[in-house]
Chemist: 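Before I ask anything, let me first share the structure, which is written out below as structure tokens.
Quantities reported herein were computed from a predicted structural model and do not represent experimental measurements. For the single chain, residues carry numbers from 1 onward in sequence order. Excluded from the calculations below are hydrogen atoms, water molecules and symmetry mates; all remaining heavy atoms, backbone and side chain alike, are included.
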Amino acid sequence: MSATAETRTAKAPRRRVVGSTRRGRDVGSGSVGSAGLRPASGGAHRRLARLIALVTGWRLAALTVAVLLAIPVSVVLASLFAPEPAIWQHLMRHVLPGLLLNTAVLAIGVGLGSAVIGISTAWLVAVHEFPGRRFFSWALLLPLAIPAYVTAFVAIGLLDYTGPLQRALRAAFGGSDWFPPIRSAGGVIAVMTLALFPYVYLLARNAFTTHGKRALEAAQSLGLNRRQGFFRVALPMARPWIAGGVILVVMETLADFGTVAAFNYDTFTTAIYKTWFGLFSLNAAAQLASILILLVFVVLLAESQLRAKTRYVPAGRAESHARSRLRGVRGWIATGYATLILGVAFVVPAVQLVVWAAGVFEDALDARYFEFITHSLVLSGVAALLA
């Protein structure tokens, strides 16, 4: 055997040993070994463990919140399995038909009114430029600062038969019988609409800000004018946002007690109170509340089914575009419309409250009110933080 052959033969096993050693070292360090597997490093193990702990923690938190929310609803719904026949015969015969009609009229009226005002003001602010637009973009949210039942007190005080407006009308024209009564279905619908439309306005404004001008440009490219583009393109694109705002308004309407009580307008909330304290039946009151909860579920289910087969896909980047300037009379009409809505929904109630407060300021203001303010701030702050 030649020297070269002996050298090759001697070195061959050494290569195998070195290769085996390298594979063993590589496997130990986390590289792909002979089996084609790569174990995770210690850092990856720790990251995975933290991720699992985080997911588990959020799931536990979500489960806790769900249980806390489900407990009162379950307790109320459980009352349906223990009816009181005598009370329910009375309710079915004399109470429920009127409650269902009044509640339906109120929910539909406030939902439609809030949608009309909220969508129209959102469209003006988001897509158009007119005098005062920047001010109205945030000022139209101010009606949320006044509870609906407070607005109801102001409306009744100003517009009732003994209020200053009807007294002035009787002095000027000799009578005010033709003036529509404020204590009516129309009155409570108008008040709650003015108090709750900012829910729709806020969500619709966000939708129109990101997609409104783009929708108009797409509509114009298809040969549609601005009015057709709004109804056939922009409005359908904003439907999920608008539907969310209207659902919030309807649920607030169904749950309201103070406003309907001020107007003496019977709904499920007033009937629950009267059944509890008038008929002295907490169980029957809980059963009426169960029907109210079921109505809310029906509203949510109906809305979800209406858009179950519709898909909304944003086209391009969600970014704001240059607004269309309303010039001349059209711009001032837009300003006047926004001013009218803000004035009726916020300025008039706020000014009237200040006038009433000034009349009793010296006699009624004491240390209690500072305690009331503290309680309100603490409760609202904690609730906002938890929410």
Side-chain angles (χ1 to χ4, degrees), residues 106-126 128 130-160 163 165 182 184-209 238 241-263 265 269 334-357 373 376-377 379-380 383-384 387:
L106 183 62
I108 294 173
V110 176
L112 289 177
S114 299
V116 170
I117 296 178
I119 293 172
S120 59
T121 51
W123 181 252
L124 280 178
V125 168
H128 301 91
F130 58 92
R133 184 205 65 82
R134 184 172 297 180
F135 166 76
F136 289 114
S137 65
W138 61 266
L140 286 170
L141 294 173
L142 291 176
L144 288 178
I146 302 179
Y149 68 88
V150 176
T151 305
F153 293 148
V154 173
I156 292 173
L158 292 177
L159 304 178
D160 205 5
L165 179 60
I182 187 63
S184 61
V188 67
I189 288 173
V191 167
M192 296 195 71
T193 297
L194 293 173
L196 299 177
F197 83 88
Y199 285 121
V200 181
Y201 163 77
L202 178 62
L203 296 178
R205 186 193 66 181
N206 292 342
F208 292 145
T209 299
W241 290 268
I242 295 171
V246 173
I247 289 296
L248 282 175
V249 168
V250 171
M251 289 193 291
E252 285 277 351
T253 302
L254 293 177
D256 179 85
F257 173 77
T259 308
V260 292
F263 281 91
Y265 185 83
T269 53
T335 303
Y337 176 67
T339 302
L340 175 64
I341 298 298
L342 181 62
V344 175
F346 177 76
V347 176
V348 171
V351 170
Q352 183 60 62
L353 290 175
V354 171
V355 171
W356 284 343
I373 293 173
S376 299
L377 293 176
L379 287 175
S380 60

Chemist: What's the separation between atom CG in Leu340 and atom OG1 in Thr335, rounded to the nearest 0.5 Å?
Modeler: 12.5 Å

Chemist: Could you state the interatomic distance from CG (Leu196) to OG1 (Thr259), rounded to the nearest 0.5 Å?
Modeler: 8.0 Å

Chemist: Out of Val116, Val110, Leu112, which residue meets the side-chain contact (heavy atoms from CB on, under 4.5 Å) rule with Thr193?
Modeler: Val110

Chemist: Is there a side-chain contact between Ile182 and Phe263 (heavy atoms, below 4.5 Å)?
Modeler: yes

Chemist: Taking C-beta and beyond as the side chain, do Leu165 and Leu159 meet within less than 4.5 Å on heavy atoms?
Modeler: yes

Chemist: Let me confirm one number: the CG-CG distance from Leu158 to Asp160, rounded to the nearest 0.5 Å.
Modeler: 10.0 Å

Chemist: Got a second to check how far Trp241's CH2 is from Asn206's CG, nearest 0.5 Å?
Modeler: 9.0 Å

Chemist: Which heavy atom in Ile156 sits nearest to a heavy atom in Ala262, and how many Å separate them?
Modeler: CD1-O, 3.4 Å

Chemist: Only distances under 3.5 Å count here; give the side-chain donor-acceptor pairs of residues 142-151 to other protein atoms, sequence neighbours excluded, each with its distance to 0.1 Å.
Modeler:
{"unit_1": "Thr151", "atom_1": "OG1", "unit_2": "Pro147", "atom_2": "O", "d": "3.4"}

Chemist: Give the minimum heavy-atom separation between Phe197 and Leu140, together with the two atoms involved.
Modeler: CZ-O, 3.9 Å

Chemist: Looking only at heavy atoms, what is the nearest atom pair of Ala238 and Phe208, with distance?
Modeler: CB-CE2, 3.5 Å

Chemist: Restricting to pairs with a member in residues 339-357, which pass side-chain hydrogen bond (donor to acceptor under 3.5 Å, both in side chains), not counting sequence neighbours?
Modeler: none

Chemist: Please give me the minimum heavy-atom distance between His128 and Arg133, naming the atom from each residue.
Modeler: O-CD, 2.9 Å

Chemist: Looking only at non-hydrogen atoms, find the nearest pair between Ala115 and Val246 and report the distance.
Modeler: CB-CG2, 4.0 Å

Chemist: Just so I know, are the side chains of Leu124 and Phe136 near enough to count as touching, which here means a heavy-atom distance under 4.5 Å?
Modeler: no

Chemist: Pair Thr269, Asp256 - check side-chain contact (heavy atoms from CB on, under 4.5 Å), show working.
Modeler: CA-CA 7 Å; Thr269 53; Asp256 179 85; 5.7 Å; no

Chemist: What's the verdict on side-chain contact (heavy atoms from CB on, under 4.5 Å) for Ile242 and Leu203, showing C-alpha distance, side-chain angles and the deciding distance?
Modeler: CA-CA 6 Å; Ile242 295 171; Leu203 296 178; over 6 Å; no

Chemist: Are the side chain of Thr121 and the backbone of Gly118 linked by a donor-acceptor contact shorter than 3.5 Å?
Modeler: yes

Chemist: Measuring from atom CG of Leu248 to atom OG1 of Thr253, what distance do you get when rounded to the nearest 0.5 angstrom?
Modeler: 10.5 Å

Chemist: Could you report the tightest heavy-atom contact between Ala195 and Pro198, atom names first, then the distance?
Modeler: O-CD, 3.8 Å

Chemist: Take Tyr201 and Ile341 through the test side-chain contact (heavy atoms from CB on, under 4.5 Å) and record every step on the way to the result.
Modeler: CA-CA 12 Å; Tyr201 163 77; Ile341 298 298; over 6 Å; no

Chemist: Taking atom CG of Leu202 and atom OG of Ser137, what is their separation to the nearest 0.5 Å?
Modeler: 11.0 Å

